[in-house]
Amino acid sequence: MEQKQIRNFKETTRRLFQLYAVIPFSIVIVLFFIFTIINGRMNLTQKTIEAADSINKSMAEVYRQYDEEMNRMANSPAVINYMTTHLGSDKVYAEFYEFNNRQKVKSIFHIVDTNGIFRASSDSPDALYASFAFGNLINRISQKAGDTLTEMNSFRYSHDRDTSYTFGKAIIKDKQTLGYIVYQLYESDMQKLIFKQNNEIAMITDEHHSIIATTSNVTKGSLNKFSPELNAQGQALLNGGTYYMYSKRIPDTPIQVITLNSYKSEKYTYYTVSVFILAVSLLLWIIIHFLSNKMSARNSESIDKLILALAQLREGNFNGYVDIQTNDEFEILGDEYNVMLDRLKELMNKNKELSELRTIIEVKQLQSQFHPHFIFNVLETLRYAIKIDANQAQDIVMLLSRLLRYSIGNDRSVQLKDDMNYVKDYLKLQQIRFNERLEYRLTIAEETNHVYVPKLVLQPIIENAIKYGYQHQSHVLIDIQIHPSDGNLLLEVRDNGPGMDEETLQQLNHTLQSQNNTTPHIGLYNVHRRLLLLYGETAGIHIESTPGKGTCITLTIPYEME
């Protein structure tokens, strides 16, 4: 047979503390890591959206100012006068430079007549005379019928200055087109405007996805269009990297702002957090290991005291009290152990007394239940019955044999129905002796049949009722009632005998409460003392008696089904 392995309490406590400390810590680490991921995504999304909103607001203001400026300049008296008289160019230039100097995004200014001749320009137009693209631009402006033309186009000027967006409008007087005014915005200024510190890539595109300005050339595809490849999660794939992309159209314009931020920064955050978690985990494990050793050593000290006390108890030392002063459950356990020792001593004394009492009870039962006079009287009754009524004689023999067989059994506790069968046989024999002078009634609640009671517990009570009942009268009535009440079983034996006066009743009650009995009331005392020792102070005998009316003796025992 395999021997059961005994675990050391100190080691078990240490391991449990470590386990219960690591579990919540692990949960916190996992939650912290998840929070870091979610927070990183939220931060990435938030800064991308905030950059797009900021750029959108700035570009909307630039677009609005240039749109208003186009309408103002196309209807400016100075511009119209210059186009009709070719005089006052200085006023036209003054108005342009006054506006342009206020702008975050600077521009190049042109005024062209209907023949394609440059009447005013803030930069040398030499390269534009033969430009097919600029000619088409003027042609598209002329087709707008007084509306402002806005479109993405790219022109290069001196000193490698590039423009990327154009505003154009016809100059009309009296429904006659005098020429065209053009503003071309510098690409470099627009790049400065869309650059945001917390944002990686920003760009502005038109309604055809053509890039007007961008902070990174990796966004430029064929024909200068932005057409990124998207993965299953809708993330943009650019130059081998994965980006979160957000786009927002500028209200009432064909321009939209696009911002992108790489997920690579998130990975660096994850690496940093992972290193931090590992370092913290190592530190906490060292702390947990130290604290678990301290706690297990402290708790095992109390357990060691209890084990030593139990070893002394096993050796028979009932004075091995423990002294634990930890202000916790171990102190309570130690106090309860000390109480247990006291209780154990008390129970041992009671068991010794109960053992002695059982011997007395057994002797008394044999003497009182089958007193020679009782057996002699039964045999005399049997002798006469044999001559007069053979059937009655047979009943007497059967009853007496059952009584003898039941009384010599070794059972200490029996079911109520079995003990009541004995009582019925006993009363039947007594009734055969006394004929109509003895009358008895038994009222037993059916649910109490299987309740366990001490063996022969009612026989001494019934014997007393018969013995003292015939002293002053010729007819005796014994009424036995058994029923449950408030968790107890009540066994009442009532007779119509002479009863007892108050003094005799008090003396009898005093005898029942004493631990040593020197009176002739052996039967009642033994039953009462036996019930106290078996069931405690709530059990025992209660006597009520009225002179001339009879006596009622009530036995109270716990309602036990086992």
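The first residue of the sequence shown is numbered 1, and numbering continues consecutively from there.
Checking each of Arg156, Arg161, Lys106 against Asp123 for a salt bridge (Lys or Arg N to Asp or Glu O under 4.0 Å) leaves exactly one that passes, namely Arg161. Checked against Phe134 for a ring-ring contact (aromatic ring centres under 6.0 Å, His included), the options Tyr157, Tyr180, Phe118 give a single hit: Phe118. Each of Ile250, Thr253, Ile212 was compared with Met59 under the side chain to side chain contact (heavy atoms under 4.5 Å, CB included) criterion, and only Ile250 meets it.
Put simply, the side chain of Thr242 reaches to within 4.5 Å of the side chain of Asn231, judged on heavy atoms. Inter-residue side-chain proximity for Thr150 and Tyr63 is flagged as met; some heavy-atom pair is nearer than 4.5 Å. Proximity of Ile286 to Phe290: side-chain heavy atoms (C-beta onward) are nowhere separated by under 4.5 Å. Residues Leu137 and Glu151 meet the side-chain proximity criterion, which asks for heavy atoms closer than 4.5 Å. Contact check for Val62 versus Leu185: side-chain heavy atoms found under the 4.5 Å cut-off. Looking only at side-chain heavy atoms (C-beta outward), Pro454 and Leu531 come within less than 4.5 Å of each other. Using a 4.5 Å heavy-atom threshold, the side chains of Lys220 and Asn217 count as touching. Side-chain contact check for Ile444 versus Leu416: some heavy-atom pair is nearer than 4.5 Å.
With 3.5 Å as the limit, one finds no donor-acceptor pair spanning the side chains of Asn199 and Thr259. Remark: the Tyr263 side chain and the Gln235 side chain contain an N/O donor-acceptor pair separated by less than 3.5 Å. Side-chain contact, Gln256 with Thr205: a donor N or O sits under 3.5 Å from an acceptor N or O. A donor-acceptor pair shorter than 3.5 Å can be found between the side chains of Thr214 and Thr219. Between the side chains of Gln176 and Asp174, no donor-acceptor pair of N or O atoms lies under 3.5 Å. Side-chain contact, Tyr321 with Asp342: a donor N or O sits under 3.5 Å from an acceptor N or O. Defined by atom type and a distance below 3.5 Å, a donor-acceptor pair is present between the side-chain atoms of Ser76 and Glu95. In this structure, a donor-acceptor pair under 3.5 Å is absent between the side chains of His542 and Thr554. No hydrogens or angles considered: nothing links the side chains of Asn153 and Ser164 as a donor-acceptor pair under 3.5 Å.
Ile49 contributes atom CD1, which lies 10.5 Å from atom OG of Ser247 (distance to the nearest 0.5 angstrom). Taken to the nearest 0.5 Å, the NE2 atom of His110 stands 8.5 Å off from the CZ atom of Phe155. Atom CD1 in Ile80 sits 11.0 Å away from atom CE in Met73 (nearest 0.5 Å). With rounding to the nearest 0.5 angstrom, the CG atom of Asn449 is 6.5 Å from the CD atom of Glu446. Here Ile287 contributes atom CD1 and Trp285 contributes atom CH2; the two are 12.5 Å apart, rounded to the nearest 0.5 Å. For the atom pair Ile181 CD1 and Arg119 CZ, the distance stands at 15.0 Å (nearest 0.5 Å).
Within a 6.0 Å sphere centred on CD of Glu229, other residues, nucleotides and ligands contribute 12 heavy atoms or fewer. Heavy-atom contacts from other residues, nucleotides or ligands closer than 6.0 Å to NZ of Lys57 number 12 or fewer. Around the OH atom of Tyr97, the shell of radius 6.0 Å holds more than 12 heavy atoms that belong to other residues, nucleotides or ligands. Around the CG atom of Asn349, the shell of radius 6.0 Å holds more than 12 heavy atoms that belong to other residues, nucleotides or ligands. The 12-atom threshold is not exceeded at CE of Met348, counting heavy atoms of other residues, nucleotides or ligands nearer than 6.0 Å. Counting heavy atoms of neighbouring residues, nucleotides and ligands inside a 6.0 Å radius, atom CG of Asp486 does not exceed 12 of them. Counted within 6.0 Å of NZ on Lys173, heavy atoms from surrounding residues, nucleotides or ligands total 12 or fewer; the atom is thus considered open.
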Please report the C-alpha distance between Asn488 and Thr556 in whole Å, then the side-chain angles of each, then the deciding distance to 0.1 Å, and finally whether the side chain to side chain donor-acceptor pair (under 3.5 Å) criterion is met. CA-CA 7 Å; Asn488 292 319; Thr556 303; over 6 Å; no
Check step by step if side-chain contact (heavy atoms from CB on, under 4.5 Å) holds for His483 and Glu447. CA-CA 8 Å; His483 57 88; Glu447 65 269 22; over 6 Å; no
Check step by step if side-chain contact (heavy atoms from CB on, under 4.5 Å) holds for Glu69 and Tyr183. CA-CA 9 Å; Glu69 178 66 9; Tyr183 280 77; 3.4 Å; yes
Under the side-chain contact (heavy atoms from CB on, under 4.5 Å) rule, what do Leu238 and Leu260 come out as? Steps first, then yes or no, please. CA-CA 10 Å; Leu238 296 174; Leu260 300 99; 3.7 Å; yes
Under the salt bridge (Lys or Arg N to Asp or Glu O under 4.0 Å) criterion, do Glu68 and Arg64 qualify, and how do the steps go? CA-CA 6 Å; Glu68 291 176 355; Arg64 182 189 64 79; 2.9 Å; yes
Take Lys169 and Asp147 through the test salt bridge (Lys or Arg N to Asp or Glu O under 4.0 Å) and record every step on the way to the result. CA-CA 6 Å; Lys169 189 177 180 66; Asp147 293 332; 5.4 Å; no
Apply the test side-chain contact (heavy atoms from CB on, under 4.5 Å) to residues Lys144 and Arg140: give CA-CA distance (whole Å), side-chain angles for both, the deciding distance (0.1 Å), then the verdict. CA-CA 7 Å; Lys144 292 293 284 186; Arg140 289 193 293 275; 5.9 Å; no
Full working for ring-ring contact (aromatic ring centres under 6.0 Å, His included) between Tyr66 and Tyr165: CA-CA 11 Å; Tyr66 271 97; Tyr165 202 77; 9.4 Å; no
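Considering every non-hydrogen atom in both Ala74 and Ile171, the closest pair reads O-CG2, 3.8 Å. Here the closest non-hydrogen pair linking Ser281 and Ile29 is OG-CD1, 4.4 Å. Looking at every heavy atom in both residues, Tyr82 comes nearest to Gly88 through CD1-C, 4.1 Å. Between Asp53 and Lys248, the shortest heavy-atom distance links the atoms OD1-NZ, 2.9 Å. Between Ala202 and Ile55, the shortest heavy-atom distance links the atoms CB-CD1, 3.5 Å. The shortest heavy-atom contact between Ile201 and Ser216 is CG1-CB, 3.9 Å.
Residues Arg343 and Glu346 are paired through a salt bridge, judged by an N-O separation under 4.0 Å between the basic side chain and the carboxylate.
Ser54 contributes no side-chain N or O that, together with a main-chain N or O of Glu50, makes up a donor-acceptor pair within less than 3.5 Å.
For residues 192-218, no residue pair satisfies the salt bridge (charged side-chain N to carboxylate O under 4.0 Å, His left out) rule, not counting sequence neighbours.
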